[in-house]
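Structure first, then comments.
Just so you know, residue 1 is the first one in the sequence shown, and it goes up from there. Remember, predicted model here, so these are calculated numbers, not experimental data.
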Amino acid sequence: MAEIVRMPKMSDTMTEGVIAKWHKKVGDTVKSGELMAEIETDKATMDYESFNEGVVLHLGAKEGEAVQINGILAVVGKKGEDFKELLASSSQTKTAATGGESETSQNKETAVAEQVDTSNIKAELVLMPKMSDTMAEGVIAAWHKKVGDTVKSGELMAEIETDKATMEYESYHTGTVLYIGAKEKESIPVNGVLAIIGEKDADWKTLLKSSQQTEAPKEEKSASTPAASTTPTSQSSSSSSSQPSNGRLKASPLAKKMAKDLGYDISKIEGSGDQGRITKRDIENFKPGASASKESGAAVALPSVVGEESFEEITLSQMRKTIARRLSESKFTAPHFYLTMEINMDKAVEARKSINEVAPVKISFNDFVIKAVAAALRQHPDVNVSWLGDKIRKNHHIHIGVAVAVNDGLVVPVVRFADNKSLAHISSEVKNLAQRAHDKKLQPSDWEGSTFTISNLGMFGIEEFTAIINPPDACILAVGGIKETPIVKNGQVVPGNIMKVTMSCDHRAVDGAVGSAFLKTLKGLLEDPVRILI
């Protein structure tokens, strides 16, 4: 189901965010934790990591445009999902909520402000951000600052364990840590006081007391106003990597992406951030040659690989749709089993050479296979069958379907009564059908009514493959190329021309023994082509 991604509140004074750069575009797939955008606040440009998974269906603003806090940043859902109603309902809800309760909320906040005046206190509350859509509280996994420490904007302040992952929290304030809201392993509810940062001698106790007095009105507001559900996701700008003591690298998502794009080994880069954290500036200043020189004494300059991701979506032709439907039905409804056999084509090679000296048309090995298959089917009528759901049709005629590749897919024109036709007749007919297939001039009568199908990829150098049954036929023969292979003949190793064939059988209609007997006969006919003429 599609979800709206709203502009998070990335600092206490932030009212809107400007899209500095999108790392995802409409149609892209995004995963939870992936870098989605760079957002410029009133204090810094921060990385925004997605908490949603799916396809980006809509972007709320272009690069350089501003989005208000809780405004629509993006919509993420399933590919092709209709999100227009979601956008419309979101707009109506926001209008109703802000219009109906804004006056009440302002009155409550004004009343609280009159009780405790904090305007002259040079300190600011740091609230527990909402780091995932389902997060209700955060557990302090580790503090990287303690009371009395100086902290700068962008410095790592704490690691917070949410219901989905342990995230790093970077400070948006600069000053002295005056108060910490919980010890390590203790939890703080979303919007609870995480810390207080300000001037060293600021009256933080009064500020904390004021916060506690306004807690109840804020809870009421969050319960009735949808905007409260998208409180700060400022941690999205920080990396999900852990301390070096945990064996994982400390780097921001943007730094990791830049290093990957530039082909840098990020483990070789020294971080200038808090506790060695690698930042965007470190990637920009990194010189691969200098790093390699320090380690091995020999400078290695890594080339910058520049590429552009692109794709196009092609509308399916009616032929491709039909192929997909029919073969999917065949593969998932017919229980396929496969029989493979090697055939010595030495005599067939000699026979083809001799026949082509006098034949009116050039005879191919595929023509030999068609003729041999037709002759074998005459001896094994139990293979020349069709599956019709509640019955099996045993065909007394032999119509061989020959798979032909065309630009839009695959067609299977039919050589009718193939057992009664000569090699020259089969060759001429197959050539004619193939040409008409490429010219898109085949008629339904040309591709309907096959009782057995042959698919030959030998001319492409394919030695062996399996094919999907062409319904309602019960079998299809996959023919590979002829390869010169060492074979044992009369106790000696000699070169031989070997061709592999694999027959796919529908086990509902043809059993293994029946299929094996058919292949044995086919092998005998091709290894001694004179027998085909009998």
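- E155 places a side-chain heavy atom less than 4.5 Å from the side chain of K145.
- With rounding to the nearest 0.5 angstrom, the CG atom of N70 is 10.0 Å from the CE atom of M7.
- At least one side-chain heavy atom of I196 sits under 4.5 Å from a side-chain heavy atom of L207.
- Here OG1 of T502 is found 10.0 Å from OH of Y338. Values are rounded to the nearest 0.5 Å.
- More than 12 heavy atoms of other residues, nucleotides or ligands sit less than 6.0 Å from atom NZ of K24.
- Residues I197 and V151 meet the side-chain proximity criterion, which asks for heavy atoms closer than 4.5 Å.
- Smallest separation of non-hydrogen atoms from I19 and A61: CG1-CB, 4.1 Å.
- In this pair, H507 and F337 present their aromatic rings tilted. The plane angle is within the 30 to 60° band.
- K84 has no carboxylate O lying under 4.0 Å from a charged side-chain N of D82, or vice versa, which leaves the two without a salt bridge.
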Decide side chain to side chain contact (heavy atoms under 4.5 Å, CB included) for T340 and E464; before the verdict, give the C-alpha distance in whole Å, the side-chain angles of both, and the deciding distance to 0.1 Å.
-> CA-CA 9 Å; T340 300; E464 181 181 359; 3.4 Å; yes
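- For the salt bridge (charged side-chain N to carboxylate O under 4.0 Å, His left out) test, residues two or more places apart in sequence or in another chain that qualify with K25 are D28.
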Go through the steps to decide whether E313 and K79 satisfy the test salt bridge (Lys or Arg N to Asp or Glu O under 4.0 Å), and finish with yes or no.
-> CA-CA 13 Å; E313 294 183 350; K79 185 175 181 180; 3.4 Å; yes
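- Across every non-hydrogen atom of I140 and K183, the tightest pair is CB-O, 3.7 Å.
- Under the salt bridge (charged side-chain N to carboxylate O under 4.0 Å, His left out) criterion, R320 pairs with no residue at all, not counting sequence neighbours.
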Give the intermediate values and the outcome of side chain to side chain contact (heavy atoms under 4.5 Å, CB included) for residues W143 and E184.
-> CA-CA 7 Å; W143 281 110; E184 291 184 356; 3.8 Å; yes
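- Scanning both residues, D282 and G271, for their nearest heavy atoms gives OD2-CA, 3.4 Å.
- Going from atom NZ of K483 over to atom CD1 of I462 covers 12.0 Å, rounded to the nearest 0.5 Å.
- Here the straight-line distance linking atom CZ of R325 with atom CD of E329 works out to 5.5 Å at 0.5 Å rounding.
- Remark: the backbone N or O of T206 is not paired with any side-chain donor or acceptor of S210 at under 3.5 angstrom.
- Using a 4.0 Å cut-off between a side-chain N of Lys or Arg and a carboxylate O of Asp or Glu, E53 and K31 do not qualify as a salt bridge.
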Let me see the working for V479 and L477 under side chain to side chain contact (heavy atoms under 4.5 Å, CB included), right down to the final yes or no.
-> CA-CA 6 Å; V479 182; L477 187 72; 4.0 Å; yes
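- Inter-residue side-chain proximity for Y169 and L194 is flagged as met; some heavy-atom pair is nearer than 4.5 Å.
- Contact check for Y48 versus L35: no side-chain heavy atoms found under the 4.5 Å cut-off.
- Note that CH2 of W387 and CG of D473 are 14.5 Å apart. Values are rounded to the nearest 0.5 Å.
- A donor-acceptor distance shorter than 3.5 angstrom exists from the side chain of R326 to the backbone of P471, with no hydrogens or angles considered.
- We find the OG-CD distance between S32 and E49 to be 8.5 Å, quoted to the nearest 0.5 Å.
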Steps toward side chain to side chain contact (heavy atoms under 4.5 Å, CB included) verdict (H23, E38) = CA-CA 8 Å; H23 291 279; E38 294 176 42; 2.9 Å; yes
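- Here the shortest heavy-atom pairing between V190 and P129 reads CG2-O, 4.3 Å.
- Residues M36 and S50 come closest through the heavy atom pair SD-CB, 4.1 Å.
- Using a 4.5 Å heavy-atom cutoff, the side chains of H336 and C505 are not in contact.
- Closest heavy-atom contact between A123 and L178: CB-CD1, 3.9 Å.
- A ring pair (Phe, Tyr, Trp, His ring centres under 6.0 Å) check over residues 55-81, counting only residues at least two apart or in different chains, returns the pairs H58-F83.
- In this structure the side chain of V18 never reaches within 4.5 angstrom of the side chain of I39, judged on heavy atoms.
- A donor-acceptor pair is defined here as one N or O able to donate and one able to accept, closer than 3.5 Å; no such pair exists between the side chain of S455 and the backbone of A478.
- With contacts defined as side-chain heavy-atom distances shorter than 4.5 Å, the pair Y264/I269 qualifies.
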